[in-house]
Amino acid sequence: MEAVQAVRGMNDILPEQVGWWQGIEAAARKVLENFGYREMRTPVAEKLELFARGIGESTDIVEKEMYAFEDRNGDWLALRPEATASIVRAYVQHGLHGDSSYHKFYQIGPMFRHERPQKGRYRQFHQIDAEVFGLDGPMIDAEMMHMVSLLMERIGISGVSLNINTLGCPKCRQVYREVLKKFLSDKGDGFCEDCMRRRETNPLRVFDCKVKSCAQLLESAPQLIDHLCEDCRAHFEAVRDHLEKLGTPYAVNPRIVRGLDYYMRTTFEVITDRLGAQSAIGGGGRYDGLVRDLGGPDVAAVGFAMGLERLVLLLEQEKTKPVRSPLCFFASLGDQARASAFLLSQKLRERGVETEIDYEGRSLKSQMRRADKSGAKYVLILGEDELARREVQLRDMLTKTQRILPLDTILETLETIEAEKFNP
Ligand code: AMP
């Protein structure tokens with residue numbers, strides 16, 4: 001019978017790859033918690049309306065990429081395409097804003113977008129997402145970008161750059177939108193179909209277009225950064241000043257407009273030239289009006305999201321794969337010895353010593369092969385003779401040396417070895 005395959009663009013993360021994931025997630029949790037962020041876990045499905053309102057009706061995500069479906073009750077739901085709207089919903093729904101002037105949250109988990117899959121672009125992918133509510137000054141924008149840079153360093157990724165821009169506020173954007181609209185209509189019909197439509201509905205979105213001829217036409221487009229109001233200009237300059245004092249390298253890139261409707265003022269992207277077409281590893285910015293638009297209090301907000309798959313692809317390019325191996329493999333010969341090895345192995349695990357064993361009564365040769373493959377540093381060998389003498393052999397797989405130890409104190413011996421592994 002033919003086996004069922006996974007959905008296209010939705011990947012398994014197999015045990016041999018999961019070490020990368022665990023390493024990145026652990027580094028992210030450590031850095032985020034250090035900066036005062038607290039984890040929040042929201043459902044993967046939400047009411048469709050949340051994303052339509054939270055991301056923007058005329059964005060690619062909402063128009064083309066959402067996994068939306070009617071459930072058995074006739075309610076329209078969607079698999080979350082990003083985390084911000086859900087975190088805002090939870091923050092408002094649980095009245096979290098009442099207990100302090102500002103809040104920092106993070107979330108790590110799967111997101112879903114019906115995009116055309118290719119390397120670095122999938123239909124289920126994972127994001128590290130962080131949000132701050134209640135702070136409108138430039139300090140937090142700079143701190144967030146500084147934190148993202150530190151996170152890249154802690155994960156072990158080099159050669160990426162931080163690009164920053166400002167999108168102004170609704171006031172300066174109103175002015176700019178008209179300037180841009182005029183530019184686009186002066187350019188005539190050279191744009192792709194999508195851009196012709198965006199020109200009318202959401203002109204700023206033209207900068208997201210991946211079509212080469214559009215990008216060429218846009219090279220001489222007016223830039224928002226030249227049409228900022230006084231407050232927005234001062235905010236942006238202060239962000240830059242903080243980044244410089246923090247020693248966080250960055251480049252101003254007026255082309256960073258981001259794909260979601262709600263951004264204003266600071267936006268940023270972490271980019272690389274090592275992943276082909278998928279150059280963005282993460283990005284974020286300020287979205288002061290969103291919480292209010294989703295029915296919450298009028299608080300400022302800033303956040304970012306980073307793609308785990310792309311981080312893994314980068315790590316694979318520069319590092320050797322992290323392997324998970326037990327400290328010890330317990331080999332045994334004979335039924336009685338196997339029963340003792342089984343009991344002692346559980347005791348070792350209870351004491352925190354990672355242990356593998358033979359359950360099947362295989363030959364010693366086959367057990368040694370398995371031990372070797374598992375990457376165990378030590379193999380305990382217990383035969384019926386050893387058992388009778390209350391002894392066990394300990395083989396160091398690295399030096400290929402063997403010694404005989406008393407069976408009754410083997411738990412303590414291995415516990416000491418395990419402790420030395422962490423404090424050599
Ligand atoms: P966005 O929410 O679109 O700003 O995306 C933030 C980050 O999530 C990107 O920089 C990518 O690293 C990652 N990302 C977004 N879409 C995908 C996708 N379809 N597949 C893999 N990673 C993605």
Side-chain angles (χ1 to χ4, degrees), residues 6-13 17 20-21 24-25 28 42 44 46 50-51 54-56 59-67 78-88 106-131 144-145 148-149 151-152 155 157 160-165 167 204-205 207-210 253 255-264 266-287 290 301-317:
V7 176
R8 192 163 115 85
M10 301 199 180
N11 302 316
D12 299 307
I13 300 157
Q17 297 147 346
W20 297 116
W21 292 75
I24 295 169
E25 285 162 9
T42 60
V44 290
E46 297 270 0
L50 176 70
F51 301 117
I55 299 175
T59 55
D60 274 1
I61 294 182
V62 170
E63 277 187 349
K64 302 184 197 162
E65 297 166 2
M66 199 112 81
Y67 275 93
L79 298 182
R80 62 181 182 193
E82 51 103 55
T84 305
S86 306
I87 294 179
V88 172
Y106 77 94
Q107 169 144 223
I108 302 177
M111 307 294 153
F112 304 84
R113 293 183 199 172
H114 198 275
E115 297 192 82
R116 201 166 44 77
Q118 63 178 75
K119 187 178 172 200
R121 191 166 71 196
Y122 310 102
R123 289 179 173 171
Q124 174 176 320
F125 60 97
H126 297 75
Q127 282 185 341
I128 301 163
D129 185 276
E131 314 288 344
M144 183 172 279
M145 292 186 269
V148 167
S149 300
L151 179 57
M152 301 306 284
I155 292 173
I157 287 172
V160 293
S161 41
L162 172 67
N163 277 211
I164 77 168
N165 187 24
L167 296 182
L204 260 80
R205 210 41 12 92
F207 292 109
D208 290 344
C209 187
K210 310 266 172 356
N253 179 351
R255 300 285 173 222
I256 305 283
V257 294
R258 318 270 312 130
L260 313 178
D261 258 1
Y262 47 62
Y263 284 105
M264 61 171 290
T266 315
T267 54
F268 62 94
E269 259 177 24
V270 177
I271 57 178
T272 173
D273 54 12
R274 299 210 312 259
L275 289 181
Q278 307 309 322
S279 60
I281 303 164
R286 180 166 279 285
Y287 54 94
L290 182 71
V302 46
F304 81 88
M306 193 170 267
L308 272 153
E309 280 77 1
R310 293 185 195 171
L311 293 173
V312 170
L313 284 170
L314 285 174
L315 278 182
E316 277 173 346
Q317 287 179 2

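Counting starts at 1 for both ligands and their atoms, in listed order.
Side chain of Arg121 to main chain of Arg116: a donor-acceptor pair is present (N/O by atom type, distance under 3.5 Å, no hydrogens or angles). Arg80 contributes a side-chain N or O that, together with a main-chain N or O of Thr42, makes up a donor-acceptor pair within less than 3.5 Å.
Within the structure, the closest approach of Arg121 to ligand 1 falls below 4.0 Å when heavy atoms are considered. Note on ligand 1: Gly120 sits in its first shell, one or more heavy atoms being nearer than 4.0 Å.
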Subject >> Full working for side chain to side chain contact (heavy atoms under 4.5 Å, CB included) between Val148 and Leu162 >> reply: CA-CA 9 Å; Val148 167; Leu162 172 67; 5.6 Å; no

Original post:
When you look at Thr272 and Ile157, which way does the side chain to side chain contact (heavy atoms under 4.5 Å, CB included) test go after all the steps?
Top reply: CA-CA 10 Å; Thr272 173; Ile157 287 172; over 6 Å; no

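Here the shortest heavy-atom distance to atom 19 (N) of ligand 1, taken over Glu115, Arg116, Glu65, belongs to Glu115.
By the criterion of a heavy-atom distance under 4.0 Å, the side chain of Gln127, and not its backbone, is placed next to ligand 1. Within the 4.0 Å heavy-atom criterion, the part of Ile281 lying near ligand 1 is the backbone and not the side chain. Heavy atoms of Glu82 found under 4.0 angstrom from ligand 1: none, in either backbone or side chain.
Of the inter-residue distances, the one linking Leu313 atom CG with Leu308 atom CG reads 11.0 Å to the nearest 0.5 angstrom.
Heavy-atom proximity to Ala280, at under 4.0 Å, picks out these atoms of ligand 1: 9 (C), 10 (O), 11 (C), 12 (O). Set against the non-hydrogen atoms of Ala305, the atoms of ligand 1 under 4.0 Å away are 6 (C), 7 (C). The Arg113 neighbourhood of ligand 1 comprises atoms 1 (P), 2 (O), 3 (O), 15 (C), 16 (N), with distances under 4.0 Å to a heavy atom of that residue. Distances below 4.0 Å separate heavy atoms of Gly307 from the following atoms of ligand 1: 7 (C), 8 (O), 12 (O), 13 (C). Those atoms of ligand 1 with a heavy atom of Phe125 less than 4.0 angstrom away are 14 (N), 15 (C), 16 (N), 17 (C), 18 (C), 19 (N), 20 (N), 21 (C), 22 (N), 23 (C).
Between Phe304 and Phe268, the ring planes are tilted. Angles from 30° to 60° get that label.
Polar contact check, Gly282 against ligand 1: a nitrogen or oxygen pair lies under 3.5 Å apart.
For the residue pair Glu131/Tyr287, the side-chain donor-acceptor check at 3.5 Å is satisfied.
Proximity of Pro81 to Met111: side-chain heavy atoms (C-beta onward) are nowhere separated by under 4.5 Å.
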